[in-house]
Every structure is written in C-alpha cells, then in structure tokens.
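Comments concern the structure below.
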Amino acid sequence: MAELRRLLLSPKQLVTLLMLAVINLALFSGYCRNVQEEQNTYVKIQTKSLRTLVQKAGEVQQEEEQAYVTNGYYEYLDYVQAQSVQQSLLGKLSAKGSFVTRNLEKTAKDYEKLKGIQLTAGENTGIRAVMNYRITDFLLLIAPLLLVLELSTEADSAIGALTRTTKRGRVPLCCMRLLSLVILSAAAVLLLYGGNILYAAKTFGDPGLQRAIQSVPDFKYCTVRITVGGYYAAAALMKIAAVTAVTLTFWILFTRFYSFLSWLISVPLLALQYILSTAVVPTSAFNHLKFINVFTALESDVFFTQYCNLNWFGHPSGILTDIVAAMILLLVILTVLTVILIGLLRPVRAGQQLEAVKDRIVCRLSRFMPVHSMFGAEGWKLLLAERALLTAAVCAVFGVMLFRDIHFYQQTVDVQKFYTKYSGEITQDKIDKAQKMLLGEEDKLDHDSQSFRLCMANGGSEDMKNMIRMHIQQDWMYMERYEEFLDMMTTTREAAEKGGFKPYLVNDNSYRIMITENASERRCCMLLLLFLIFSFYAAGAYDNRWDTRLLLRSTRNGRARMLTAQTAWISILTALAVTAIHGIYLLRLHREVGFTYPEAMMQNLQMFRGTSIRITLGGCIALLMVQRFLAAMVISAVIMTISRCSRTPQRALLISLIVFVLPTALAETGLSVMQRFDLVRFLSCCKSVIN
Amino acid sequence: MPNKLEIKHLTKLYGDFRALDDVSFTLEPGVTGLLGANGAGKSTLMKLMTDYMKRTSGDILWNGTDILKMGYKWRELVGYTPQLQGLYEDFSARRFLYYMGTLKGMKRKDIKEQTEQMLEAVNLSDAAHKKIGTFSGGMRQRVLLASSMLGRPQVLILDEPTAGLDPEERIRIRNDIAELARDRIVLLATHVVSDIACIAQNVLLMRKGKVIAFDTPAGMLADAEGKIGEFSGTYDEIRALQKEYPNGEIAQYRDGFVLRVAEDPLPEGCRPVRDAITLEDVCHLYLKGERAYG
C-alpha cells in the first residue's frame with residue numbers, strides 16, 4: 001500500500017493527471033465549439049436562404065434521423081435477413097462449411113438477436129463528438145508512460161538495488177507497481193475520457209444513457225444489445241486495457257533492455273500498430289491485423305460502429321468478441337512476464353553490445369561535433385537539449401489534425417455573384433448598373449405579384465400558389481439585398497470622399513471571419529499557447545536544474561549575452577510558430593473564401609469605418625499578425641521568467657500550465673468569471689484590430 | 001609585476017547572519033589553501049569572488065581595480081569549480097566543454113584544441129562522448145575541473161575540486177593544479193588537508209566568517225610547535241581521556257595507543273610532539289571543536 005500511495009498520490013502524479021485533464025478539456029472544448037459552429041452555420045443557411053434545395057436537404061437530414069429511429073433501422077434489419085437468405089442461396093454454391101457460408105449464417109444470426117429492439121431519438125451530436133475526438137486517446141498514454149520511465153530509471157539507481165535486498169522488494173513490490181500502473185491507466189481514462197463525456201453532455205445536451213446504442217445512426221451496424229451508457233463503459237474499459245497493455249510493454253522493454261534497444265523496439269512497434277490500425281482495410285484478408293490491435297482497442301469505437309467477422313481457420317468470429325479475448329490474453333501474458341522479468345529475475349539488461357556499437361559511433365561522430373557561437377549554443381540547448389524541436393514536431397502533428405477539421409462557410413451564391421460583378425473600385429457606372437438591377441428586381445416583383453393575383457382569381461392549384469408565393473418572397477429578399485448593396489456602395493463612396501481614399505466595394509466575408517472569434521481560431525490559439533509553454537518552459541529552469549547557473553554566471557558570456565541569445569531564439573521560435581499557425585489559418589481562409597482587394601483602404605469596409613488608423617486591408621492583415629506576434633511574445637516572456645525563477649523545468653511547466661492553460665480551459669467551459677483571464681482571446685487579438 | 005588579488009574588509013550578511021565578517025587578505029600567484037569548517041564562509045567568499053552574489057561591504061581588487069567595475073573582463077580571467085556539481089546531465093562531456101568554451105568567449109579553434117587537451121589531462125578522452133548524467137561523482141568532478149581550466153584563466157577558484165576522486169586521480173589533479181599555479185592565482189578549498197600540505201604556498205584558515213590565520217604552511221607548523229602533544233596508555237585509558245579531550249585523535253602505534261591533542265598550553269602528562277607535526281594538527285589547533293573542514 002505504501003508503494004501505491006508513493007506512486008499514485010505523490011503531488012507530481014496528481015498534478016500531472018490534473019494538467020493532462022485540463023489540456024484535454026481545453027482542446028476538446030475547442031473541438032465541441034467547432035462542431036457547434038458547424039451546426040449553427042448550417043441552420044442559418046437553412047433559415048435565411050429561400051433556396052429550396054438547401055432547405056429541403058436540411059429537412060431531409062432531420063427527417064432522416066427521425067425516420068431512421070422509427071422505421072429505417074427496422075427496415076435495415078429486415079434487409080439484412082433478406083440479404084442473408086438471398087446470399088445463402090449463392091452460398092450453397094460454395095463449399096459447405098466454408099468461411100463464406102458460415103459468415104452469412106452468423107451475420108443473419110447476429111442481426112436476428114436485434115429484432116424487437118426499441119430505438120429512441122435523442123441528442124446524438126455529443127456522442128459523435130466524443131467518438132470522433134482522437135487526441136484524448138494519445139493523451140491517455142502520457143501519465144502511465146511517464147511513470148514507467150521513472151520506474152525504469154529508478155531500477156538503475158541505488159534505490160533500485162536497495163529495495164531488492166529487502167524481504168518484499170521483489171515480487172510483492174513488482175505486483176504493487178503493476179497495480180499502480182493499472183490504477184493510473186484507469187484514472188487517466190476516467191478523468192480524460194469521462195471528462196469528454198461530461199463536457200459533451202453539458203454542451204450538446206443529455207445523450208440519453210438508457211437508449212439503445214443503435215438509436216445513434218453511426219452505430220447502425222452494432223450487433224450488441226447495449227445502451228449508450230453501456231457503450232461508454234465498454235469503451236472506457238477497452239481504453240484502460242489498451243493503455244495498460246502499452247504501459248506494461250514499455251515497462252518490460254525499458255527494464256530488461258538498454259535504453260537504445262528499448263527505444264529501437266518500442267517506437268517501431270507502436271508505429272507499426274498505429275499504421276496497421278489505420279491503413280488496413282476492414283474487408284481485407286489481413287483485417288486481423290487491424291482489429292486485433294492495441295491502437296484500435298484504444299480507439300474502441302470501431303468495434304461498435306462496424307460489423308465484421310474475422311476468419312479464424314474458416315470460422316467467423318465477431319470483432320468485439322475477438323478483441324475482448326485478445327486483450328484479456330495479452331494482459332495475462334504481459335502480467336506474467338512483468339512479474340517474472342521485473343519481479344523475480346535479477347535485473348540484467350540485454351542489448352549492451354548494441355549500446356557499445358552506438359557508443360562507438362557516437363564517440364567517432366562527437367569528434368566532429370561543431371563548436372557553436374553563443375547564439376548557436378543556446379539554440380542547440382533550446383531545440384535539442386530542452387526538446388523544443390520535439391514539441392514543434394508534436395504540435396505540427398496536432399496542427400495537421402486541427403487544420404483537417406477547419407472549414408469556412410461560403411456566402412450564398414447570389415451574394416457571391418453580386419460581389420463578383422460589382423466589387424472593385426466604386427464608379428458611377430457601377431452604381432448605375434446596380435440601380436438598374438434593383439429596378440429589374442422591382443419589375444420581377446410586380447410581375448410575380450400580378451401572376452399571384454391572376455392565379456388567385458383563376459383558382460389556381462395550391463402548389464402553383466405556393467410556388468408563386470415563394471418567388472415573391474425571393475424577389476423581396478433579393479430586392480432588399482440589392483438595396484443594401486446599393487446603399488453600401490453609396491455610403492462607401494461618401495465616406496471615401498470624406499476620408500480622402502479610393503472607394504472600393506469589397507466582399508467582407510473573409511475579413512469578417514478573420515477578426516471574428518470563432519472555434520477554429522480559438523483552437524489555433526490554443527495550439528500556439530501549448531506550443532509556447534511546452535517549448536519554452538525549460539528556458540532558464542534548465543540552467544537551475546543541476547545548479548549550473550552558479551558556474552555559468554562565473555563566465556564571460558554567462559549573463560547578459562546568454563540571456564540575449566536565449567531571448568533571440570525564443571523570439572524567432574515564437575515568430576515562426578505565430579506565422580505557421582495563424583499563417584496557415586489565413587492561407588486556408590484565403591483559399592476557401594478569399595481576401596479580395598488587399599490594396600483597398602480598410603475604411604472601405606463597414607466594420608472598420610470607425611477605425612482611426614489609415615492602412616490598407618493587406619496592412620490590416622499584417623497588423624493583426626504583428627499584434628499576434630507581440631501577444632505571443634508577452635506570453636513567451638512570462639514563461640521564460642517563470643522558468644528562470646523555477647528550480648526545475650518540471651516545476652516551471654507546472655506553473656506555466658496553471659497560469660496559462662487552467663484559466664483558459666475554465667473560460668472555455670463557459671465560466672464567465674474566467675473570461676477576462678482567457679489567454680486564447682489575448683493571443684487571437686481579434687477585437688483589438690477593430691478598436 | 002605579478003598579479004594581485006586583494007580582498008579588503010569583505011562582509012556579507014544574510015539577514016542578520018554574518019556569513020563573512022570583515023575579511024581581508026591578498027592573493028598572489030601560487031596555490032592558497034582555504035580551510036574551515038562547514039559554514040565557515042568559504043563558499044560565500046568564493047561566490048563573492050566570482051561576482052555571483054552581491055557583497056554587503058568591502059572590496060575585491062584585481063591589480064587595484066574593483067572586480068565589479070571590471071564586469072565581464074574580470075570573469076574572463078576567472079576559472080571556477082563550484083562545490084555543487086553544476087553540470088548539464090543531458091550533455092556529453094565534450095559538448096559541455098565546448099559550451100563552456102563558448103561562454104568563456106574563446107575562439108572556436110582554441111575551444112576545440114583546449115577541450116581535447118583538457119579531456120586528456122583529466123583522463124576523460126574515452127568517455128567524452130557519453131552523457132554526464134551517466135558519470136560517477138569523480139568523473140563529474142574532472143569535467144568541472146577541465147571546464148574551469150579552459151581558456152587558461154589567471155585566477156582559479158576551486159571549491160573542493162578533488163572531492164570524490166580516487167587517490168591516484170587526486171594526486172594527478174593535485175599535481176596539475178600545482179603546475180597551473182606557477183603563474184596564476186589558485187584559491188583551493190578542500191577538506192583533504194594533505195592536498196593543501198603538498199601544493200599550497202599559503203594557507204587561509206576561516207572560522208565563523210572570519211579569517212583566523214593566513215600564513216605559509218611552514219609558518220603555521222612552526223607556530224604550532226609546543227601546542228601538539230600525545231597521551232599514551234591502554235585503549236581503555238585512552239578512551240577515558242578522550243571524553244576529556246573530545247577533539248583528540250586516537251592512533252595505534254606498535255607499543256600501544258596514543259591520544260593526540262592540540263592545546264595551548266598542553267595539559268599535564270601530555271608529551272609534546274616535536275618533529276611529526278602536520279597541517280592536520282594545525283587545523284585541529286585553530287579550528288577546535290569544528291569537525292569538518294572544507
């Protein structure tokens with residue numbers, strides 16, 4: 001028990017878990033906001049536009065969900081049964097007792113069990129959000145793996161030798177540590193995955209835990225009779241098993257092999273598992289490798305959203321049964337191996353020869369090691385020794401995942417058409433043309449009104465009346481819109497005459513998105529904030545960690561020059577991160593929506609008319625980027641100061657996370673008191689451009 | 001004219017506690033051994049000399065100029081080995097020395113040349129590519145020593161440089177320091193009194209933040225004459241006597257046990273030691289009751 005307490009209740013462990021939960025919540029809440037925005041935008045298009053197709057498509061989607069629950073799913077069940085009968089006739093052609101025949105029989109039998117299942121419509125968005133959000137799966141591995149690395153380091157130290165000389169220092173101690181790892185894995189899953197479930201429920205509404213999981217269209221192919229709550233519990237259990245399996249594998253490798261060999265085995269092993277889980281097609285002959293896979297188990301949803309039987313020597317077996325059996329077997333084997341290899345046997349490590357080979361290579365290479373300048377040396381320290389480069393690589397991966405989710409919504413086609421025709425320098429000719437267009441719309445309205453009156457008088461059909469009514473509504477809307485545009489053109493021209501700049505009609509959609517705080521922008525800022533914290537938390541504390549500062553300060557360049565070099569590197573990395581993250585965001589925005597007429601003065605846009613600075617729209621983008629860089633620099637400087645005052649990098653990281661991420665995560669959850677401490681808002685600088 | 005480092009009325013207060021109290025002495029080329037019990041103020045003195053911390057009052061003058069006014073020019077002249085092994089454990093020994101060379105403002109060519117020389121001198125050439133975190137205490141100490149000697153500084157401030165070294169290494173390093181000290185100032189704090197006895201031209205004894213003696217080893221030994229004596233007797237008799245003289249050191253000779261004491265005047269019945277007085281005895285005499293030096 002003492003070991004359990006030492007490993008699990010240490011402040012370091014608790015804070016690590018808490019911080020992981022905070023980071024996860026901050027990222028997940030951003031994702032949920034994105035989902036919410038997508039939903040809202042979709043609804044807006046439905047209500048504002050009178051285009052029947054769009055309106056109907058939305059209605060169809062809603063109706064489809066309802067129809068699926070009331071009728072569609074049951075039809076699907078019947079369809080499966082009918083298909084199985086049909087295919088069994090074909091199956092008779094194939095050899096009796098073959099996998100194909102057995103698979104057809106099993107499929108029919110599996111779906112047979114679902115007859116009479118009661119589906120209930122409910123809020124499915126939250127369930128989908130939890131299911132589709134993948135970053136949590138990777139975050140789950142962090143705390144247990146950190147503990148494993150700590151345990152393997154401890155095994156090499158004097159304390160490792162000391163504990164093994166005591167009565168309960170071998171197998172009992174190993175069992176306790178194993179239990180700690182299982183508990184830690186479970187705690188991580190409950191805290192992070194459970195946090196996601198709760199947050200999604202709060203954001204999107206009660207998912208209806210008692211509903212059959214088949215009520216969610218994504219789980220149409222699930223053949224297990226399980227409720228939504230049951231699915232959550234089963235997924236959590238599967239995640240715990242997967243995290244424990246990865247953790248135990250790492251523990252065995254890192255305790256029985258030298259570090260180089262351990263990394264050489266573990267990293268490719270994990271990478272291979274991940275590649276197999278994502279790259280193998282579910283229907284391929286090698287689908288065993290996809291489904292009997294630790295990463296697929298970590299994702300866990302596949303086993304509930306897909307129906308597939310694996311071929312085991314001609315016998316079909318459901319993927320869910322297979323993964324459960326495989327995980328139990330794997331965990332039993334790993335547990336026995338752990339007890340024998342770590343608890344029972346003497347701590348001898350393998351791979352010394354490989355280590356010696358590596359040493360020889362490194363020794364030869366180290367003679368050609370470049371001697372850096374002060375700037376180069378500090379860069380080397382920050383990028384490699386303090387692992388900012390690794391952070392950048394991880395952030396790049398997260399960035400790719402993030403940008404995949406980002407979508408910008410276009411204006412309706414008529415608005416786009418108007419801007420294509422009339423945007424650019426506002427001339428009298430253009431105004432006249434727009435006026436003509438308005439008159440045309442007025443004529444159209446008269447014509448349609450006349451048609452409606454005629455239709456009424458002649459007793460036209462209801463359909464005809466409805467169609468003309470809709471045309472009239474559309475005419476009204478277009479007329480109003482063209483009046484607005486015309487008004488915009490004339491007021492812009494007046495403002496330009498007054499302000500002394502060239503009048504331009506510019507489509508403001510991209511500029512509006514750029515300066516509006518939206519979920520995608522917030523997620524970019526959150527990524528930037530995490531990058532800054534994880535890259536710079538050691539800049540300063542690294543020198544305090546082994547009391548090196550005392551020595552450094554006794555040297556010629558160990559004070560101001562060193563600080564200057566560090567600051568220069570931090571500025572460069574901050575600038576690169578701001579340019580990369582916000583730059584890619586703006587480029588995507590430009591590609592999908594388009595920044596038009598960057599040479600026009602920003603006062604041409606209604607939203608910037610009150611702004612006192614006189615710059616072009618292109619300048620406005622540049623100004624925003626500069627502001628964002630400065631905001632990021634302020635945060636980098638504070639992180640660096642925290643780091644310089646901290647005894648160890650870990651402490652600096654912890655303080656930085658508490659200072660920056662915690663309030664932001666709380667603000668993200670909607671806590672109004674925390675809004676003013678929202679660092680993401682500070683980093684995005686959206687509001688400052690207008691002011 | 002030889003270089004001169006003058007410490008004048010140096011005082012350092014930590015709140016009300018006087019870590020250094022009006023310390024004055026002058027260092028000239030050669031090794032000066034610094035001895036004192038734990039908390040005597042040795043490390044504080046060294047930190048002030050490297051301008052790591054702010055002094056409360058007094059002056060530290062290099063050839064007549066205050067080191068604070070000299071700024072980085074003073075640090076260019078100093079090589080320092082701190083008591084705590086402040087090394088980057090993630091760095092290899094070679095990388096660390098390159099880094100220190102850069103911090104010392106050396107030229108790239110000199111850094112490469114001198115790093116290999118120093119690694120050779122401290123017998124670390126074979127392990128130079130390995131991470132310092134994997135080094136033993138002795139190896140780390142040697143890395144620190146090598147780093148302090150990089151750039152051939154005029155003043156070497158060594159805080160227990162031979163701690164953790166095996167006897168053979170210690171002798172080698174000691175000789176290297178003696179060799180280096182021929183044309184530079186070396187201030188060497190150590191708890192191994194024999195190191196100082198072998199190579200120091202001067203010895204500085206400190207107690208509770210004050211300098212209590214500053215002389216050559218020969219002068220100190222002469223001064224201690226008549227104040228070092230021995231009691232002879234059986235083991236039980238000697239044990240009983242030790243209760244009276246707790247700082248006395250028990251030794252076993254061929255003809256029995258003796259208790260060696262350093263007292264002024266010597267107590268009755270105590271036979272004065274004439275020829276075999278050591279620097280260790282001098283320390284016993286001056287630093288009575290304060291066990292650990294260095």
Side-chain angles (χ1 to χ4, degrees), chain A residues 153 156-158 258-260 355-356 358-387 390 538 541-566 647-649, chain B residues 43 46-47 49-53 71-96 98-112 115-116 125-134 140 144 147-148 150-151 153 157 159:
Chain A
T153 317
D156 281 341
S157 67
Y258 276 92
S259 146
F260 183 58
E355 201 81 4
K358 184 203 84 182
D359 271 1
R360 268 205 295 277
I361 295 168
V362 173
C363 183
R364 291 221 175 123
L365 290 177
S366 82
R367 288 185 186 280
F368 304 106
M369 197 186 284
V371 179
H372 301 295
S373 60
M374 198 62 228
F375 180 72
E378 285 309 316
W380 190 90
K381 231 169 84 184
L382 183 71
L383 293 172
L384 296 171
E386 296 165 19
R387 295 181 180 84
L390 184 71
Y542 188 78
D543 301 330
N544 299 338
R545 186 179 185 178
W546 296 292
D547 290 307
T548 323
R549 195 173 293 280
L550 180 65
L551 184 63
L552 303 181
R553 286 184 68 82
S554 72
T555 60
R556 181 188 190 270
N557 297 338
R559 299 184 181 194
R561 282 199 185 188
M562 192 173 140
L563 184 66
T564 312
Q566 283 177 348
R647 189 85 189 86
T648 60
Chain B
S43 292
M46 290 183 158
K47 282 176 187 172
M49 287 171 74
T50 55
D51 186 26
Y52 181 72
M53 52 169 72
Y72 74 87
K73 282 184 182 163
W74 162 244
R75 295 197 299 277
E76 255 176 359
L77 302 172
V78 175
Y80 176 46
T81 299
Q83 188 182 17
L84 296 165
Q85 290 174 342
L87 298 159
Y88 291 124
E89 296 195 358
D90 288 353
F91 280 40
S92 69
R94 185 173 277 117
R95 166 75 60 193
F96 183 75
Y98 281 2
Y99 182 62
M100 288 306 292
T102 314
L103 285 178
K104 288 183 175 201
M106 291 165 64
K107 287 180 182 161
R108 288 179 190 214
K109 194 182 153 206
D110 293 345
I111 294 176
K112 274 215 157 180
T115 296
E116 297 309 322
S125 291
D126 292 341
H129 65 285
K130 291 190 176 170
K131 279 190 177 175
I132 293 172
T134 63
R140 287 168 190 229
L144 268 182
S147 88
S148 66
L150 269 181
I157 298 172
D159 202 349

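Below, each value reflects all heavy atoms present in this structure, side chains not excepted, and no hydrogens, waters or symmetry copies. A note on names: the letters A, B, ... follow the listed sequences, proteins ahead of strands, and every chain is numbered from 1.
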* Asked: With the threshold set at 4.0 Å, does a side-chain nitrogen-carboxylate oxygen contact exist between K104(B) and D110(B)?
  -> no
* To do: Could you tell me whether R545(A) and E89(B) make a salt bridge, using a distance below 4.0 angstrom between a side-chain N and a carboxylate O?
  => no
Count the heavy-atom pairs under 4.5 Å between each of [options] and chain B, then report the option with the highest count.
options: A385(A), S373(A), A565(A), G558(A); answer: S373(A)
options: L365(A), D543(A), V371(A), L384(A); answer: V371(A)
options: R559(A), R549(A), M562(A); answer: R559(A)

Taking side chain as everything from C-beta outward and backbone as N, CA, C, O, which of these in [X] sits under 4.5 Å from a heavy atom of chain A? Side chain, backbone, both or neither.
X: S147(B); value: side chain
X: Y99(B); value: side chain
X: K109(B); value: neither
X: K130(B); value: side chain

* Name the member of K112(B), R95(B), E76(B) that forms the most heavy-atom pairs with chain A at distances under 4.5 Å. => R95(B)
* Structure fact -> In terms of heavy-atom pairs under 4.5 Å with chain A, the winner among R108(B), M53(B), M100(B), K73(B) is R108(B)
* If you look at every heavy atom in R556(A) and R561(A), which pair is closest and at what distance? -> NH1-NH1, 3.4 Å
* Of the non-hydrogen atoms in G79(B) and P153(B), which two are nearest, and what is the gap between them? -> N-CB, 3.4 Å
* **Part of M374(A) lying under 4.5 Å from any heavy atom of chain B** => both
* Taking the six-membered ring for Trp, are Y88(B) and Y542(A) ring centroids under 6.0 Å apart? -> yes
* Asked: For the rings on F91(B) and W380(A), is their centre-to-centre separation under 6.0 Å?
  -> yes
* Using atom types as modelled and distance alone, determine if a side-chain donor or acceptor of H372(A) lies under 3.5 Å from a backbone N or O of E378(A). => no
